[in-house]
Q: 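The structure follows.
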Amino acid sequence: METISSRLNPLLKRTEVHVVFQAASNPGVAKVTEDIAAQLKVAADTIVIKHLVSTFGKQTFDVEAFAYATAEDKVRVEQKPKAKKEVAH
C-alpha cells in the first residue's frame, strides 16, 4: 500500500487519505479498512472508505478514505443511509 496524499481537515476532525493498494483481486472494503487503520494507527471503526476503484487489467486499486478523530465525529459528519420503505402488495 502506497500513500499518495494525506491531508488533515480540522473543521470536520478527519484525515483525508488517498492510497494505492496492490492486490491480485479486489481486496474488499473490510481488508482495506483494516490496512489503512493499521497504517494510520487509529481504530477501524473511525475509517470510512469513500472510493475503491480499479482499472480493468491492472492489479492496483485507488482508495480514497477518511479517518475521523472519534467514532462520534464519524456519526456526526457522515450521511446516514435512507430507511427502506415497505411496499404494500
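It should be emphasised that the depicted structure is a prediction, and the values quoted were computed from it without experimental measurement. All heavy atoms count here, side chains included; hydrogens, waters and symmetry mates do not.
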Q: Quick one: are Arg14 and Asp73 in side-chain contact, heavy atoms under 4.5 Å?
A: no

Q: Carefully, step by step, assess Ile36 and Ile49 under the rule side-chain contact (heavy atoms from CB on, under 4.5 Å).
A: CA-CA 10 Å; Ile36 290 175; Ile49 305 296; 4.0 Å; yes

Q: Taking NZ in Lys82 as the centre, count heavy atoms belonging to other residues, nucleotides or ligands within less than 6.0 Å. Is the count above 12?
A: no

Q: Report yes if the side chains of Leu40 and Val17 come closer than 4.5 Å at any heavy-atom pair, otherwise no.
A: yes

Q: Quick one: are Val32 and Glu34 in side-chain contact, heavy atoms under 4.5 Å?
A: no

Q: Taking C-beta and beyond as the side chain, do Glu2 and His18 meet within less than 4.5 Å on heavy atoms?
A: no

Q: Indicate yes or no for a side-chain donor-acceptor contact from Lys74 to the backbone of Asp45 under 3.5 Å, with no hydrogens or angles considered.
A: yes

Q: Does any non-hydrogen side-chain atom of Phe61 lie less than 4.5 Å from one of Val20?
A: no

Q: Determine, stepwise, if the pair Met1 / Gln39 fulfils side-chain contact (heavy atoms from CB on, under 4.5 Å).
A: CA-CA 9 Å; Met1 183 166 56; Gln39 181 182 9; 3.0 Å; yes

Q: Give the minimum heavy-atom separation between Ala67 and Ile47, together with the two atoms involved.
A: CB-CD1, 3.5 Å

Q: If you round to the nearest 0.5 Å, how far is CZ of Phe21 from OG1 of Thr60?
A: 11.5 Å

Q: Might you point out which heavy atoms bring Ala44 and Ala37 nearest each other, and give the distance in Å?
A: CA-CB, 3.9 Å

Q: Below 4.5 Å, heavy atoms only, C-beta onward: do Tyr68 and Lys13 meet side chain to side chain?
A: no

Q: Within the structure provided, determine whether Ser6 and Thr15 are in side-chain contact (heavy-atom separation under 4.5 Å).
A: yes

Q: Only one of Thr33, Val29, Leu52 clears side-chain contact (heavy atoms from CB on, under 4.5 Å) with Val63; which?
A: Leu52

Q: Between Lys80 (side chain) and Val75 (backbone), is there a donor-acceptor pair under 3.5 Å?
A: yes

Q: Would you mind reporting whether Glu64 and Glu16 have side-chain heavy atoms less than 4.5 Å apart?
A: no

Q: Roughly how far, to the nearest 0.5 Å, is NE2 of His51 from CG of Asp62?
A: 11.0 Å

